[in-house]
**Q** 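Handing you a structure now.
Hydrogens, waters and symmetry mates are skipped; everything else that's a heavy atom, side chains included, is used.
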Amino acid sequence: MSMLRSALLSAFMLSAFVSGNVFAQSQAIPVTPVRVSPAMSTPGSQWQGCEVGFLGDSMSTLCDTTANKRFYDYLHNLLGLTPHVYARSGWQWKNLLGEVDKLKRDHPDVDAVMVWAGTNDYNHSCPIGEFFTESTAQVNANGKIETRRCRSHVMSDSTFCGRINLLLSKLKQTFPDRQIILLTPIHRGFARFSQSNVQPSEQYSNALGLYIDDYVRTLREAGSVWSVPVIDLYSISGLYPADSAHDCYIQNPETDRLHPNTIGHFRLARTLQYQLLSLPAKF
């Protein structure tokens, strides 16, 4: 734990002394990655040796430097899984459909797929919509034709529910015998990446008057609609970037309180480690 405390202290000291152009500060402040000790790992778990696909946005994009680590890098050390990442900055749920085909092509024997997205759907004010449309139809019930209410999934990329339906339907069809897990977005702090890309903190609604937790609730419901586990990082990760006390976990206190730094990703990985231990990795 002493190495973790040292890394946290390093992050605070660096954030205190950063100066210069505000847009240049949008880059991550270097933070020493946490070293995973043998006592932290779970050798021999059901995830040991599993191939796992990760679909998502900038929270999951591959790092361009070896000095940084993402949550799945830590999960490799903690659980022994092998990550295959298909993610890009700015992506919303609708952008992930094509990645399912790429994952299937590149890793047809993948054991599980995790989807971590939704924060950009909120930021871009995607309407939430509904999971189903309802009509009436005739159906055979106990040998008698009756008219009953009937519902169908909304399959449209114009609403958040429709996008979830499209992707989960495709994942279910492409990987019918594999584990599929949803991760909710984490809390959002203020971010400024350029003069035209300024993102308010979660205390503000988006242009539709919706808050990030409206999208989180929708993802929780999606787990029931599609019978997939949901790991609610919004509630259980412990990360709260809007509060300055959590500066040690974020990329940059001045310009990027949205993305976790390597220590933040370690905390996410530790949370995911114990959540994943309660779920089967393969069937």
**Q** Is there a path of hydrophobic side-chain contacts, each under 4.5 Å between heavy atoms of I/L/V/M/F/W/Y residues, joining Leu277 to Leu183?
**A**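 Result: yes, single cluster for both.
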**Q** Kindly give the heavy-atom pair with the smallest separation between Ser58 and His259, and that separation in Å.
**A**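 Heavy atoms of Ser58 and His259 come nearest at OG-NE2, 2.6 Å.
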**Q** Side chains of Tyr215 and Asn120: donor-acceptor distance under 3.5 Å anywhere?
**A**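 Tyr215 vs Asn120: no donor-acceptor pair found between side chains.
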**Q** Is any side-chain heavy atom of Asp157 less than 4.5 Å from a side-chain heavy atom of Leu97?
**A**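 No, side chains not in contact.
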**Q** Please check if the side chain of Arg70 supplies one atom and the backbone of Thr61 the other of a donor-acceptor pair under 3.5 Å.
**A**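 Yes, the answer is positive, given that a donor and an acceptor are paired below the 3.5 Å cut-off.
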**Q** Could you tell me which non-hydrogen atom of Pro280 sits nearest to which non-hydrogen atom of Gln179, and how far apart they are?
**A**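 The answer is O-NE2, 2.7 Å.
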**Q** Test of understanding: clusters of I, L, V, M, F, W, Y form through side-chain heavy atoms closer than 4.5 Å, transitively. Do Val154 and Leu208 belong to the same one?
**A**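 No.
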**Q** Taking Asn261 for the side chain and Gly264 for the main chain, is one N or O donor matched with an acceptor at less than 3.5 Å?
**A**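 Looks like yes, one N/O pair under 3.5 Å.
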**Q** About how many Å separate CG of Leu272 and CE of Met114, when rounded to the nearest 0.5 Å?
**A**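 The distance works out to 7.0 Å.
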**Q** Test: side-chain hydrogen bond (donor to acceptor under 3.5 Å, both in side chains). Region: residues 43-53. Which pairs qualify, not counting sequence neighbours?
**A**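 Every pair satisfying side-chain hydrogen bond (donor to acceptor under 3.5 Å, both in side chains) with a residue in residues 43-53: Glu51-His84.
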**Q** Name the residue from Phe71, Phe54, Tyr86, Tyr72 that meets the ring pair (Phe, Tyr, Trp, His ring centres under 6.0 Å) definition with Trp116.
**A**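 The option that passes is Phe71.
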**Q** Return yes if some donor-acceptor pair links the side-chain N/O of Asn206 with the main-chain N/O of Gly209 below 3.5 Å, else return no.
**A**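 Here the side-chain-to-backbone pair exists.
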**Q** Atom OG of Ser227 and atom NZ of Lys172: how far apart are they, to the nearest 0.5 Å?
**A**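 Those atoms lie 5.0 Å apart.
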**Q** Out of curiosity, Leu79 CG to Thr42 OG1, how far, rounded to the nearest 0.5 Å?
**A**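 Between atom CG of Leu79 and atom OG1 of Thr42 there are 5.5 Å.
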**Q** Are the side chains of Tyr74 and Thr262 in contact, using a 4.5 Å heavy-atom criterion?
**A**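 Sidechains of Tyr74 and Thr262: in contact.
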**Q** Answer yes or no: is there a side-chain heavy-atom contact under 4.5 Å between Leu78 and Met40?
**A**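 Side chain of Leu78 against side chain of Met40, heavy atoms only: contact under 4.5 Å found.
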**Q** Test your reading of the model: is there a side-chain donor-acceptor pair from Ser60 to the backbone of Gly56, 3.5 Å cut-off?
**A**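 Side chain of Ser60 to backbone of Gly56: no pair is present.
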**Q** Applying side chain to side chain contact (heavy atoms under 4.5 Å, CB included) to Trp93 and Leu166, what does each step give before you reach the verdict?
**A** CA-CA 9 Å; Trp93 268 75; Leu166 284 170; over 6 Å; no
**Q** For residues 173-189, pull every pair meeting salt bridge (charged side-chain N to carboxylate O under 4.0 Å, His left out), keeping only residues two or more places apart or in separate chains.
**A**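 Every pair satisfying salt bridge (charged side-chain N to carboxylate O under 4.0 Å, His left out) with a residue in residues 173-189: there are none.
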**Q** Step by step, would you call Lys104 with Phe175 a side chain to side chain contact (heavy atoms under 4.5 Å, CB included)?
**A** CA-CA 8 Å; Lys104 179 67 173 179; Phe175 301 108; 3.8 Å; yes
**Q** Donor-acceptor pairs under 3.5 Å, side chain of residues 124-134 to any protein atom, not counting sequence neighbours: which ones?
**A**
{"unit_1": "Ser125", "atom_1": "OG", "unit_2": "Ala207", "atom_2": "N", "d": "3.0"}
{"unit_1": "Glu134", "atom_1": "OE1", "unit_2": "Arg149", "atom_2": "NH2", "d": "3.0"}
{"unit_1": "Glu134", "atom_1": "OE2", "unit_2": "Arg149", "atom_2": "NE", "d": "3.2"}
{"unit_1": "Glu134", "atom_1": "OE2", "unit_2": "Arg149", "atom_2": "NH2", "d": "3.4"}

**Q** Could you go through Arg105 and Asp101, starting from their C-alpha distance and side-chain angles, then the distance that decides it, and tell me whether this counts as salt bridge (charged side-chain N to carboxylate O under 4.0 Å, His left out)?
**A** CA-CA 6 Å; Arg105 178 197 65 202; Asp101 295 326; over 6 Å; no
**Q** Between CG of Asp73 and CZ of Phe266, what distance do you get to the nearest 0.5 Å?
**A**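 It is 13.0 Å, given to the nearest 0.5 Å.
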**Q** Under the salt bridge (charged side-chain N to carboxylate O under 4.0 Å, His left out) test, which residues partner Lys102, sequence neighbours left out?
**A**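 Lys102 satisfies salt bridge (charged side-chain N to carboxylate O under 4.0 Å, His left out) with Glu99 once adjacent residues are dropped.
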**Q** So which heavy atom on Leu96 is nearest to which on Ala117, and how close?
**A**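 Shortest heavy-atom separation between Leu96 and Ala117 comes out as CD1-CB, 3.9 Å.
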**Q** If I take atom CG from residue Leu167 and atom CD from residue Gln92, how far apart are they, to the nearest 0.5 angstrom?
**A**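 CD of Gln92 is found 13.0 Å from CG of Leu167.
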**Q** Any heavy-atom pair between the side chains of Ile164 and Thr218 that's under 4.5 Å?
**A**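 Yes; the side chains approach each other to less than 4.5 Å.
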**Q** Shortest non-hydrogen contact from Ser194 to Val198?
**A**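 Shortest heavy-atom contact: O-CG2, 3.5 Å.
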**Q** Between Leu268 and Pro260, what is the shortest heavy-atom contact and its length?
**A**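 Heavy-atom minimum between the residues: CD1-CG, 4.0 Å.
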**Q** Find out whether Leu171 and Val113 are in side-chain contact, i.e. whether some heavy atom of one side chain is under 4.5 Å from a heavy atom of the other.
**A**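 Side-chain contact under 4.5 Å: yes.
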**Q** So, using side-chain contact (heavy atoms from CB on, under 4.5 Å) as the criterion, who are the partners of Thr147 when residues are at least two apart?
**A**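 Partners of Thr147 under the side-chain contact (heavy atoms from CB on, under 4.5 Å) test: Thr136, Gln138.
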**Q** Indicate whether any N or O donor in one side chain lies under 3.5 Å from an N or O acceptor in the other, for Trp226 and Asn165.
**A**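 Result is yes, a qualifying pair exists.
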**Q** Measure from the side-chain N and O atoms of Ser41 to the backbone N and O of Pro38, and report whether any donor-acceptor pair falls under 3.5 Å.
**A**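 Looks like yes, one N/O pair under 3.5 Å.
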**Q** Specify the closest pair of heavy atoms between Val228 and Ile180, including all atoms of both residues, with the distance to one decimal.
**A**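 Heavy-atom minimum between the residues: CB-O, 3.6 Å.
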**Q** Please assess Tyr240 against His187 for the test ring-ring contact (aromatic ring centres under 6.0 Å, His included), listing each intermediate value before the final yes or no.
**A** CA-CA 6 Å; Tyr240 198 70; His187 285 262; 5.1 Å; yes
**Q** Do Phe190 and Thr255 touch side chain to side chain, with heavy atoms closer than 4.5 Å?
**A**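 Not in contact.
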**Q** Is a side-chain donor-acceptor pair under 3.5 Å present for Gln199 with Arg192?
**A**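 No, no side-chain donor-acceptor pair sits under 3.5 Å.
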**Q** What about Tyr122 and Leu210, same hydrophobic cluster or not, with Ile/Leu/Val/Met/Phe/Trp/Tyr joined at side-chain heavy-atom distances under 4.5 Å?
**A**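 Linked within one cluster.
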**Q** If you measure from the Lys or Arg side-chain nitrogens to the Asp or Glu carboxylate oxygens, is any gap between Arg88 and Asp57 under 4.0 Å?
**A**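 No.
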**Q** Would you call Val100 and Leu55 a side-chain contact if the rule is heavy atoms closer than 4.5 Å?
**A**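 Touching, per the 4.5 Å side-chain cut-off.
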**Q** Going through the checks in order, is the side chain to side chain contact (heavy atoms under 4.5 Å, CB included) test met by Gln251 and Leu258?
**A** CA-CA 8 Å; Gln251 288 279 17; Leu258 181 64; over 6 Å; no
**Q** Identify whether Leu276 and Val85 are in the same connected component of the hydrophobic contact network (ILVMFWY, side-chain heavy atoms under 4.5 Å).
**A**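 As far as the 4.5 Å side-chain criterion goes, Val85 and Leu276 are connected within one cluster.
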**Q** Will you find, in the side chains of His153 and Ser169, an N or O donor that is under 3.5 Å from an N or O acceptor?
**A**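 Looking only at side-chain atoms, Ser169 and His153 do not form any donor-acceptor pair under 3.5 Å.
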**Q** Can Ile263 and Val34 be said to form a side chain to side chain contact (heavy atoms under 4.5 Å, CB included), step by step?
**A** CA-CA 6 Å; Ile263 297 174; Val34 180; 4.2 Å; yes
**Q** Pairs under 3.5 angstrom only: tabulate donor-acceptor contacts from the side chains of residues 229-237 to other protein residues two or more places apart or in another chain.
**A**
{"unit_1": "Asp232", "atom_1": "OD1", "unit_2": "Thr184", "atom_2": "OG1", "d": "3.0"}
{"unit_1": "Asp232", "atom_1": "OD1", "unit_2": "Tyr234", "atom_2": "N", "d": "3.4"}
{"unit_1": "Asp232", "atom_1": "OD1", "unit_2": "Ser235", "atom_2": "N", "d": "3.4"}
{"unit_1": "Asp232", "atom_1": "OD2", "unit_2": "Arg220", "atom_2": "NE", "d": "2.8"}
{"unit_1": "Asp232", "atom_1": "OD2", "unit_2": "Arg220", "atom_2": "NH2", "d": "2.9"}
{"unit_1": "Asp232", "atom_1": "OD2", "unit_2": "Ser235", "atom_2": "OG", "d": "2.8"}
{"unit_1": "Ser235", "atom_1": "OG", "unit_2": "Arg220", "atom_2": "NH2", "d": "3.0"}
{"unit_1": "Ser237", "atom_1": "OG", "unit_2": "Leu233", "atom_2": "O", "d": "2.8"}
{"unit_1": "Ser237", "atom_1": "OG", "unit_2": "Leu239", "atom_2": "N", "d": "3.2"}

**Q** Once you round to the nearest 0.5 Å, how far does CE of Met155 lie from SG of Cys161?
**A**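 Answer rounded to 0.5 Å: 12.0 Å.
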**Q** So do Asp256 and Ile250 actually touch side chain to side chain, heavy atoms under 4.5 Å?
**A**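 Result no, sub-4.5 Å side-chain heavy-atom pair not found.
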**Q** Under a 4.0 Å N-O cut-off, is there an ion pair linking Asp111 with Lys282?
**A**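 Judged by the 4.0 Å cut-off on N to carboxylate O distance, Asp111 and Lys282 do form a salt bridge.
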